[in-house]
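In the text below, chain A, chain B and the rest are named by the order of the sequence lines, each starting its count at 1. Keep in mind that the numbers below use all heavy atoms, side chains included, and drop hydrogens, waters and symmetry copies.
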2 protein chains.
Amino acid sequence: MIDLLSNIKIQVNPKLYVKDPETSALGKKIIQNSILLIDEIGFEEFTFKKLGEKISSNESSIYRYFENKHKLLVYLSSWYWAWIEYRLVFSTTNIENKLEKLKKAITIVTENIEDDYSTAHVNEAVLNKIIIEEFTKTLHNKHVDKENKEGFFLIYKQVNYRIEKMIEEVNPEYPFAKSLVSSIIEGSLHQHFLKNHLKTITNCNSEINPTSFYLHLVENLLKK
Amino acid sequence: MIDLLSNIKIQVNPKLYVKDPETSALGKKIIQNSILLIDEIGFEEFTFKKLGEKISSNESSIYRYFENKHKLLVYLSSWYWAWIEYRLVFSTTNIENKLEKLKKAITIVTENIEDDYSTAHVNEAVLNKIIIEEFTKTLHNKHVDKENKEGFFLIYKQVNYRIEKMIEEVNPEYPFAKSLVSSIIEGSLHQHFLKNHLKTITNCNSEINPTSFYLHLVENLLKK
DNA sequence: ATAATATTGATAGTAATACTATTACTTTTG
DNA sequence: CAAAAGTAATAGTATTACTATCAATATTAT
């Protein structure tokens, strides 16, 4: 995967940034270190001033790349889902068996992520951690409808859509394909979160992972 | 239900408030109007100053009831889950059939809420709306572990636990009872959210509700 | 090589937030 | 009716989330 991905630029909605961070060294530093800093102190405590200090740059310089920290988080999330989509498409093409294909897809969206070193300035493992902790905040605010109209969540919805189609291939009679997919994708993040913080209301732990739970669920649910 | 509930005081963790809002007229006004104001402008825009203006009272007076707006939100959430738990216990006792009992429980935690007028200062329908939009924020922050230790989420976890036991009664062999429950409870809020904001990735709408989706799921999943 | 242009850094400034502290006024209660 | 408790008003602080300006430094174009 390393060689392949290193030639592919993950595309996100240009409305998310003022200046494309992929086009400069400072921009990449912003991406790389915002991931680390959000992981470290949490999104609420994260400020452009602190990020500026971390990268020995200036608050005002960061504002030249992102309007505010919310858009930066949506940018990081979009990047994450685009990366997931790429891996999803890549690893499910050429799987003949419909159920196996679906199972592979579910594995991709629910498994624990390790840094794959394919992109120098993005640590995918840490990005996955902040997605688990913070992704919900990109949606849960008073601007969702406006931002949805502007296409901020297109990639996320597209990942949902791709798996929905796979479910329909496995069992066209199943009546809740969309809800099943969205509940798996979001629910998997939630199970990872519970595993880390509220252990008593999940079966997931170091041995059992959300992937097992959802694979078992889907196989039993779509059986004809 | 009206007469019954009006005699029952919903108990929440006293660490959540400085002074119990149930003990004064101003306290009740704070609860009632914080629900309305959070629904109106969203939790991020919500401040004690604005709430003070709304109830013709002073910012500093509100600080005498709640340390900060986060604790107020956790208070409202606890109240909500305690109310759900009450309804859960009340409406499932004396149901002999294990599956019917479980289905009733799932209905309680997933259905759309209408104001039941049992508590004068809490509009349950609006509270349900803010739980759908904002509950995730009570968990997703850097204080979860500390607050979990302090027991802030006990009632929520207890609701999970009660339904987990019901699943075990229906099918003791099912290996992911905890994860199934937590994914239903949280997932149902998410489906309601999607129905309101990202309609393309859910089957739920004015006709199909999250309850149907989850009842169908559980029945098929726990079949022996 | 140098002039033009773009990028970045430093500083200052503003309005709002999230509080704390003090004091005075008003209600409740013993 | 006096003491205590509760509430309102005001002021003040540190931080946040920006915007604006200008100087310094790179980059690129000729």
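Taking A/Phe135 as the reference, A/Trp81, A/Tyr156 meet the ring pair (Phe, Tyr, Trp, His ring centres under 6.0 Å) condition, with sequence neighbours excluded. Annotation: side-chain hydrogen bond (donor to acceptor under 3.5 Å, both in side chains) contacts of A/Asn196 (sequence neighbours excluded): none. Under the side-chain hydrogen bond (donor to acceptor under 3.5 Å, both in side chains) criterion, A/Tyr17 pairs with no residue, sequence neighbours left out. Here A/Thr211 pairs with A/Thr110 under the side-chain hydrogen bond (donor to acceptor under 3.5 Å, both in side chains) rule; sequence neighbours left out. Residues passing the ring pair (Phe, Tyr, Trp, His ring centres under 6.0 Å) test with B/His70: none are found, sequence neighbours excluded. Residues satisfying the side-chain hydrogen bond (donor to acceptor under 3.5 Å, both in side chains) criterion with B/Lys142, sequence neighbours excluded, are absent altogether. Residues satisfying the salt bridge (Lys or Arg N to Asp or Glu O under 4.0 Å) test with A/Lys29, not counting sequence neighbours, are none.
B/Gln191 has its side chain within reach of A/Ser183: a pair of non-hydrogen atoms, C-beta onward, lies under 4.5 Å apart.
Atoms CG (A/Leu51) and P (D/dC18) sit 14 Å apart, rounded to a whole Å. When the P atom of D/dA17 is taken as reference, atom CG of A/Leu73 falls 13 Å away, rounded to whole Å.
Less than 4.0 Å separates DNA chain C from no heavy atom of any residue of residues 23-43 of chain B.
In this model, the phosphate group of D/dG6 is not approached by any side-chain N or O of B/Tyr65 to a distance below 4.0 Å at OP1 or OP2.
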*Base, backbone or nothing for each nucleotide of nucleotides 14-27 of chain C, written B, S, -, heavy atoms under 4.0 angstrom, 5' to 3'?*
---SSBBB------

